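Everything on this sheet refers to the single structure shown next.
Note that the structure is a prediction, hence the values are computed from the model and not measured. All chains are named by letter (A, B, ...) in the order of the sequence lines, taking the proteins before the strands, and each is independently numbered beginning at 1.
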2 protein chains.
Amino acid sequence: MVFTKEVFEKTLKANGMKLTNQRLLVYQVLSSCPGKHLTAEEIYECVKADYPDIGLATVYRTIQLLLELNLIDWVNFDDGFIRYEIGSDLSNDQKHHHHHLICQKCQKVLSFEDDLLDELEKNIYQKTGFSVVNHKVKLYGICKECGGKLN
Amino acid sequence: MVFTKEVFEKTLKANGMKLTNQRLLVYQVLSSCPGKHLTAEEIYECVKADYPDIGLATVYRTIQLLLELNLIDWVNFDDGFIRYEIGSDLSNDQKHHHHHLICQKCQKVLSFEDDLLDELEKNIYQKTGFSVVNHKVKLYGICKECGGKLN
DNA sequence: GTCCATGCAAATGATTTGCAGTATC
DNA sequence: GATACTGCAAATCATTTGCATGGAC
């Protein structure tokens with residue numbers, strides 16, 4: 001499912017919400033940066049280029065709205081900022097899971113698509129009766145460019 | 001390696017730091033709560049029972065110190081508080097890895113010991129050249145008591 | 001006695017909120 | 001025209017920091 005302006009508008013209307021320039025622009029900035037992890041401040045700066053009057057509070061409020069509509073995801077790299085990225089394909093319940101690889105030398109963040117955790121999650125269910133429905137995985141290490149080696 | 005008061009003192013001295021009642025008490029509170037995830041405020045309240053004059057700032061400073069000495073670990077459950085727990089066995093480089101299972105119904109947090117991520121990490125190295133040295137894994141779902149079922 | 005450590009109060013800084021004006025439908 | 005949305009400024013709140021006093025060695 002491709003999320004055009006029209007689909008975005010329909011999603012808002014379906015929830016009794018109004019389409020505004022500010023909301024559209026915030027959504028478009030995130031849509032045009034897949035895989036980037038933008039802070040609220042960064043989104044604010046991007047939108048301001050097209051719409052100088054937008055306020056930071058509106059950006060924060062729009063982010064909350066997009067999160068509630070499941071259109072975006074958040075990540076916390078524990079550096080004092082919450083970051084946001086456009087959601088992966090949500091056409092059905094199974095999300096495209098991706099993990100974040102964080103290089104401890106250059107701070108670069110890579111994404112890694114994977115479903116290897118299925119086995120771990122089955123294992124957890126068998127041993128503890130806890131049924132996993134979602135996960136957040138951050139892997140810290142050294143990237144290829146910085147000379148990563150397996151032990 | 002068992003961390004007694006003496007070993008703690010030696011570790012401090014080795015780094016040119018002084019042993020104080022406050023530091024010992026903060027360390028003891030964390031030591032006596034393995035598997036619990038305490039906020040700075042909670043640690044502060046616990047220590048205050050034995051030592052009413054301690055200041056919250058001292059607790060925060062001691063936490064930083066214990067983190068730098070690798071005696072404790074931190075977790076962020078994204079609820080506005082950073083939480084701390086006594087470190088697992090650090091006698092050699094290989095840490096005891098444990099993941100956190102967070103029940104979305106009752107908010108309970110379980111720990112799960114595991115090294116199944118080794119396979120995932122090998123996979124990542126082969127595909128991307130990124131070598132993982134550490135990870136933080138949070139698994140969200142429903143616990144046994146709350147009626148967890150596999151899909 | 002020398003520094004390091006502490007307690008207090010004030011500062012910080014990302015995010016949230018109140019409110020009066022503005023835009024959408 | 002009603003009501004939801006916005007921008008601004010002020011509030012929030014966990015954590016940090018400055019500074020003068022106190023304690024460890």
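The minimum heavy-atom distance linking K105(A) with C146(A) is given by the pair NZ-O, 3.3 Å. Here the closest non-hydrogen pair linking I142(B) and C103(B) is CA-SG, 4.1 Å. The minimum heavy-atom distance between F130(A) and I124(A), with the atom names listed, is O-CG2, 3.8 Å. In this structure, S31(B) and I86(B) approach most closely via the heavy-atom pair OG-CD1, 3.5 Å. Between I72(A) and L30(A), the closest heavy-atom pair is CG2-CD1, 3.9 Å.
The nucleotide range of DNA chain D contacted by chain B, defined by atoms under 4.0 angstrom from heavy atoms of the protein and reported 5' to 3', is dA14(D) to dC25(D).
Taking the side chain as every heavy atom from C-beta outward, N76(A) and N76(B) approach each other to under 4.5 Å. Annotation: side chain of R23(A) is not in contact with side chain of L66(A) (no heavy-atom distance under 4.5 Å). In this structure, the side chains of F8(A) and L71(A) come closer than 4.5 Å at one or more pairs of heavy atoms.
Put simply, CD on E45(B) and CG on L56(B) are 9.0 Å apart, with the number rounded to the nearest 0.5 Å.
Contacts classified as salt bridge (charged side-chain N to carboxylate O under 4.0 Å, His left out) and involving residues 28-43 of chain A (residues at least two apart or in different chains) are not found.
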Sugar-phosphate or base contact per nucleotide [nucleotides 20-25 of chain C; S, B, -; heavy atom under 4.0 Å]: ----BS
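Near DNA chain C, meaning a heavy atom under 4.0 Å away, the residues from residues 54-65 of chain B are I54(B), G55(B), A57(B), T58(B), R61(B).
For the pair L24(B) CG and dA5(C) C1', the computed distance is 15 Å after rounding to whole Å. Atom pair E42(A):CD and dT15(C):C1' shows a separation of 16 Å (rounding to whole Å applied).
Membership of the apolar cluster around Y140(B) extends to V75(B), F77(B), I102(B), V109(B), as traced through chained side-chain contacts below 4.5 Å between ILVMFWY residues.
Judged by distance alone, the side chains of H37(A) and H100(A) do bring a donor and an acceptor atom under 3.5 Å apart.
Checked against the 6.0 Å centroid criterion, the rings of H99(A) and H135(B) do not qualify as a close aromatic pair.
Taking the screw axis at each terminus of the helix from dG1(C)-dC25(D) to dC25(C)-dG1(D) from five consecutive base pairs, the angle between the two is 30° to within rounding of 10 degrees.
At the heavy-atom level, E41(B) lies nowhere under 4.0 Å from the strands shown.
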